[in-house]
Visitor: 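Following this message is one structure expressed as structure tokens.
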Amino acid sequence: MHIVIDSNIPYIRGSIDRAEVVDYLPYNEITNVNLLNVDAIVIRSRTKCDEHLLKNTQVRFIASTTSGFDHIDTQYCEENGIKWVYAPACNALAVTQYIASALSFFIRRNHFIPQEKTIGIVGVGAIGSRVAKLAKHMGFNVLLNDPPRARAEGSEGFVSLEQICKQANIITFHTPLIMSGEDKTYHLAGKDFFDNLHNKPIIINAARGEIIDSKEFTMYAKVRKVGHFVIDCWEDEPDIAHSLIATATLATPHIAGYSFEGKANATQQCVRALSKHYHLYKDSWEVTDLPEPTTLPRMINMSTQYFYLKSFDIEHLTRNLKYAPRSFELQRNKIPLRREPKAYFEYIDNPELIKQLGDVWNE
């Protein structure tokens with residue numbers, strides 16, 4: 001049996017030791033010619049699994065260490081007997097941590113009061129639901145938009161995207177990328193969306209780059225229909241539009257989900273699925289060697305905003321990307337992972353703060 005694994009996937013080396021051959025390749029070497037005699041691949045979102053990659057290969061199993069699967073041509077795989085799996089919700093808390101840092105940045109910088117602001121959450125799945133819990137805990141008025149859930153569960157508790165455009169001071173996207181159909185999210189934030197904005201909102205995209213029409217956004221940003229822009233996911237990665245970097249208040253290289261816990265969750269899910277599929281060994285393998293978190297200053301009166309900004313320094317990452325935008329892919333691959341908030345609790349001397357944080361981060 002021959003397996004190819006993306007060499008940038010953490011924790012995975014040595015985990016699949018019962019295969020006859022395991023090759024670790026950078027994503028740009030996971031090509032059709034290099035997969036001709038390969039049975040299974042473990043990849044990231046950079047590898048587009050379609051006919052171009054898979055035709056005439058013997059690949060029959062794909063495991064993607066990602067929370068989405070828009071880089072996999074699922075129809076082609078299913079028509080050609082290729083099983084595929086991914087790691088849903090693996091980085092949900094990591095992305096929530098990213099949003100917590102971004103919101104804290106604006107609370108401290110712009111001195112606004114959360115209780116006086118409305119946040120619209122577009123897409124209320126594993127990540128959006130956690131972001132909603134966080135936002136309510138921080139004191140924001142929360143509006144939820146999720147048409148598939150509204151149809152399945154009833155409209156109570158959900159609002160239209162038009163209502164969010166009219167009422168929200170902050171709009172954050174957490175949808176999958178759907179290219180067509182009733183629930184299309186490709187360029188969801190396009191001309192109609194920007195025309196309907198009323199409050200010059202902060203717009204956050206830590207979901208999929210193609211959800212926002214970059215050209216339309218750039219035009220509307222120039223006429224100040226948007227207050228601030230926070231962007232982690234970009235169209236045409238890694239060849240991102242430098243004009244978007246200049247426009248964004250906070251800009252990061254698609255790393256919102258890059259926590260030790262998130263990466264460990266994704267790797268575990270994929271290794272277990274591959275092991276079960278090929279009967280390599282028991283499907284209970286897990287990552288056990290997460291590093292200790294960087295300790296925070298021991299402050300009795302530490303605020304939640306200060307905690308979020310110190311446990312994940314979104315400003316530092318923004319400075320790096322704005323300084324060297326052409327190194328987007330290098331920054332993404334080399335960025336140090338961080339621990340999620342719960343890992344820091346033992347370093348905080350304020351029991352009340354731990355209780356407040358625990359309401360959000362304890363699952």
Visitor: Show me the pairs that pass salt bridge (Lys or Arg N to Asp or Glu O under 4.0 Å) and involve residues 89-110, at least two apart or across chains.
Guide: none
Visitor: Does the K355 side chain pair with the main chain of N350, one donor and one acceptor, at a distance under 3.5 Å?
Guide: no
Visitor: In chain order, what residues pass the salt bridge (Lys or Arg N to Asp or Glu O under 4.0 Å) check against K83, with sequence neighbours excluded?
Guide: none
Visitor: Quick one: which residue pairs count as a salt bridge (Lys or Arg N to Asp or Glu O under 4.0 Å) with a foot in residues 246-263, not counting sequence neighbours?
Guide: E261-R339
Visitor: Given H2, which of N37, D39, D23 fulfils the side-chain hydrogen bond (donor to acceptor under 3.5 Å, both in side chains) condition?
Guide: D23
Visitor: Does Q269 have any side-chain hydrogen bond (donor to acceptor under 3.5 Å, both in side chains) partners at least two apart in sequence or in another chain, and if so, which?
Guide: none
Visitor: Residues two or more places apart in sequence or in another chain: which of them pass salt bridge (Lys or Arg N to Asp or Glu O under 4.0 Å) with R326?
Guide: none
Visitor: The criterion is side-chain contact (heavy atoms from CB on, under 4.5 Å); which residues satisfy it with D183, sequence neighbours excluded?
Guide: P147, P148, R151, I178
Visitor: Could you pull out every donor-acceptor pair under 3.5 Å between side chains of residues 163-176 and any protein atom, sequence neighbours left out?
Guide:
unit_1, atom_1, unit_2, atom_2, d
N169, OD1, T118, N, 2.8
T172, OG1, H174, NE2, 2.8

Visitor: What residues form a side-chain hydrogen bond (donor to acceptor under 3.5 Å, both in side chains) with Q115, not counting sequence neighbours?
Guide: none
Visitor: According to salt bridge (Lys or Arg N to Asp or Glu O under 4.0 Å), who are the partners of D73, at least two apart in sequence or on a separate chain?
Guide: none
Visitor: Hey, are Y347 and E292 close enough side-chain-wise for a donor-acceptor pair under 3.5 Å?
Guide: yes
Visitor: Quick one: which residue pairs count as a salt bridge (Lys or Arg N to Asp or Glu O under 4.0 Å) with a foot in residues 202-227, not counting sequence neighbours?
Guide: D70-R208
Visitor: If you look only at pairs with a residue in residues 329-338, which of them pass as a salt bridge (Lys or Arg N to Asp or Glu O under 4.0 Å), with sequence neighbours excluded?
Guide: R46-E329
Visitor: Is the distance between the ring centroids of F106 and F112 less than 6.0 Å?
Guide: no
Visitor: Output all residues satisfying side-chain hydrogen bond (donor to acceptor under 3.5 Å, both in side chains) with S7, sequence neighbours left out; order by chain, then residue number.
Guide: none
